[in-house]
Novice: 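I am attaching a structure below and will ask some questions about it afterwards.
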Protein chains: 2
Amino acid sequence: MPLTSITEIRKQEILKAFYQIAMSEGVENSSMAKIAKVLEVQPSLIVHYFKTKEDLVSALIDYCLERYFQIFEEEFSRPGTPSLKIKTLIERLFSKEWNDLFDDGVFYSSYSLVFRDDNIKSKFKILHEGLRKKLSLIIESYLEFNNEDISQADELSNQVFTLVDGSYYYINMLSSKKEQAFHLESAKKLAQTLLKIS
Amino acid sequence: MPLTSITEIRKQEILKAFYQIAMSEGVENSSMAKIAKVLEVQPSLIVHYFKTKEDLVSALIDYCLERYFQIFEEEFSRPGTPSLKIKTLIERLFSKEWNDLFDDGVFYSSYSLVFRDDNIKSKFKILHEGLRKKLSLIIESYLEFNNEDISQADELSNQVFTLVDGSYYYINMLSSKKEQAFHLESAKKLAQTLLKIS
DNA sequence: CAATTAATTGAACAATCATTCAATAAATAT
DNA sequence: ATATTTATTGAATGATTGTTCAATTAATTG
């Protein structure tokens, strides 16, 4: 979807600046004034494109979640046999580089809004359910390929993502890369065991 | 530790009001003025007890984490055979009531500060590592009791908490209690399998 | 080129923010 | 009972917040 209109380009610029500020100060401490300053523009111009701050936050989350989903999408749609696909996918899901594609500070800062905003809550829900469904399909074809019971695909997908979510939640508190890597490796192994990946 | 001094009681009152506001508006949208209003007191009185807002946030997180740890502590120190203890403990860890003992909105709102404040980060780290260590000890005595290999206790404890963290992260996006319960049940079963609980 | 629409400015708004300071009230110690 | 410390008030600070509105500049269209 090309952004032909100037309006859409400007909106994207604003969101990028918002994201940038949110990285260092958090979503809630970001403001229209700060965004305007970064873009060297009047605050009223921000309002011209996003009528309220709520609109701005909502758009940022859309922008974030879409990007998140897109990154996963690319990974999911790689070619190869089901066995190879699932193998590399798990490898990627539990790699720190993967996680670094998106700023965790902004992500959790947005996530914390889930408890006060039903609109945001449903957006997050859609993202996570979407990811689980995608993985489930891949697991399904993997199980089929190996002549195994397909019916457990949903549960396996869910378990894998529970491990992913739980792992990243925890490693953000660990200061050294070594500790983080160790923990990710441990969770990855469990996921591989569950999926019976050799 | 009894709060003899009036000062300590007042501080506790202030933190309780802070927690209350943070529940409905989030940690970052809370303010000294709002706390003062709830307590029907002048804003300057809040400053008298907590010199800066940073102090206030720091104290709230201490208060939260201590309470969190305390709840776990009670559970961990229950009497019974190792087998029974671990069984009921897992049962409790994956029950929604358990999680409801503390407000998730405040918790994740605080957690999101981890990415911008090293002091808060280390506090969260201490909490989570402490919990893992406690569970590890119980698993150890449970394995010993069953004449099994003790060396895997740390890893098992870690895996269980990864499942706990990942599960609660996810179910906060699910609207119906039924969905939440289903997901918790699924994660609990996996934990029980890992621990070989009959 | 003229007319119209869109982009942007700049000034202003009341509200809230964290924090300061001196004055007063209450509690505690001597 | 007096002195001293602590608790609390109340007024004020300058900064920042989200938002409004009219004026101006630039881009697009007829």
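Throughout, a chain's letter reflects where its sequence line sits, starting with A, and its residues are numbered from 1.
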Novice: Sequence neighbours left out, what passes salt bridge (Lys or Arg N to Asp or Glu O under 4.0 Å) with B:K34? Give chain and number order.
Specialist: B:E25
Novice: For A:H128 and B:Y170, take the angle between the two ring planes, folded into 0 to 90°, and tell me which bin it lands in: parallel under 30, tilted 30 to 60, perpendicular over 60.
Specialist: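 Taking B:Y170 first and then A:H128, their aromatic rings sit tilted (interplane angle of 30° to 60°).
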Novice: Restricting to salt bridge (Lys or Arg N to Asp or Glu O under 4.0 Å), what partner residues turn up for B:E28, sequence neighbours left out?
Specialist: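 Scan of B:E28 (salt bridge (Lys or Arg N to Asp or Glu O under 4.0 Å), adjacent residues dropped) gives B:R116.
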Novice: Provide the start and end nucleotides, 5' to 3', of the part of DNA chain D that has atoms under 4.0 Å from heavy atoms of chain B.
Specialist: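 With heavy atoms of chain B under 4.0 Å away, the range is D:dA7 to D:dG10.
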Novice: Does B:Y111 have any ring-ring contact (aromatic ring centres under 6.0 Å, His included) partners at least two apart in sequence or in another chain, and if so, which?
Specialist: A:Y108, A:Y169, B:F115, B:F124
Novice: List in chain and number order the residues that pass ring-ring contact (aromatic ring centres under 6.0 Å, His included) with B:Y49, two or more places apart in sequence or in another chain; answer none if no residue qualifies.
Specialist: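 Applying ring-ring contact (aromatic ring centres under 6.0 Å, His included) to B:Y49 gives none.
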Novice: Hey, could you give me each pair passing salt bridge (Lys or Arg N to Asp or Glu O under 4.0 Å) that has a residue in residues 50-63 of chain B? Not counting sequence neighbours.
Specialist: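 As it turns out, the salt bridge (Lys or Arg N to Asp or Glu O under 4.0 Å) pairs with a partner in residues 50-63 of chain B, which skip direct neighbours, are B:D62-B:K123.
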Novice: Name all residues meeting the side chain to side chain donor-acceptor pair (under 3.5 Å) criterion together with A:D118; count only those two or more places apart in sequence or in a different chain, and write none if there are none.
Specialist: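 Once residues adjacent in sequence are excluded, A:D118 has no partner under the side chain to side chain donor-acceptor pair (under 3.5 Å) criterion.
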Novice: My understanding is that only residues two or more places apart in sequence, or in another chain, count here; which of them pass salt bridge (Lys or Arg N to Asp or Glu O under 4.0 Å) with A:K134?
Specialist: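 Listed in chain order: A:E73.
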Novice: Name all pairs fulfilling the salt bridge (Lys or Arg N to Asp or Glu O under 4.0 Å) condition that reach into residues 91-113 of chain A, sequence neighbours left out, sorted by first residue then second.
Specialist: A:E75-A:R92, A:E91-A:K188, A:R92-A:E97, A:K96-A:D100
Novice: Taking ring-ring contact (aromatic ring centres under 6.0 Å, His included) as the test, write out the residues that go with A:F182, two or more places apart.
Specialist: none
Novice: In B/S/- notation, 5' to 3', how is nucleotides 9-22 of chain C contacted by protein heavy atoms closer than 4.0 Å?
Specialist: BB------SSBBB-
Novice: Given the rule that a pair is Watson-Crick or G-U wobble with both distances under 3.5 Å, how would you write DNA chain D in dot-bracket, using | for pairs to a different strand?
Specialist: ||||||.|||||..|||.|||||.||||||
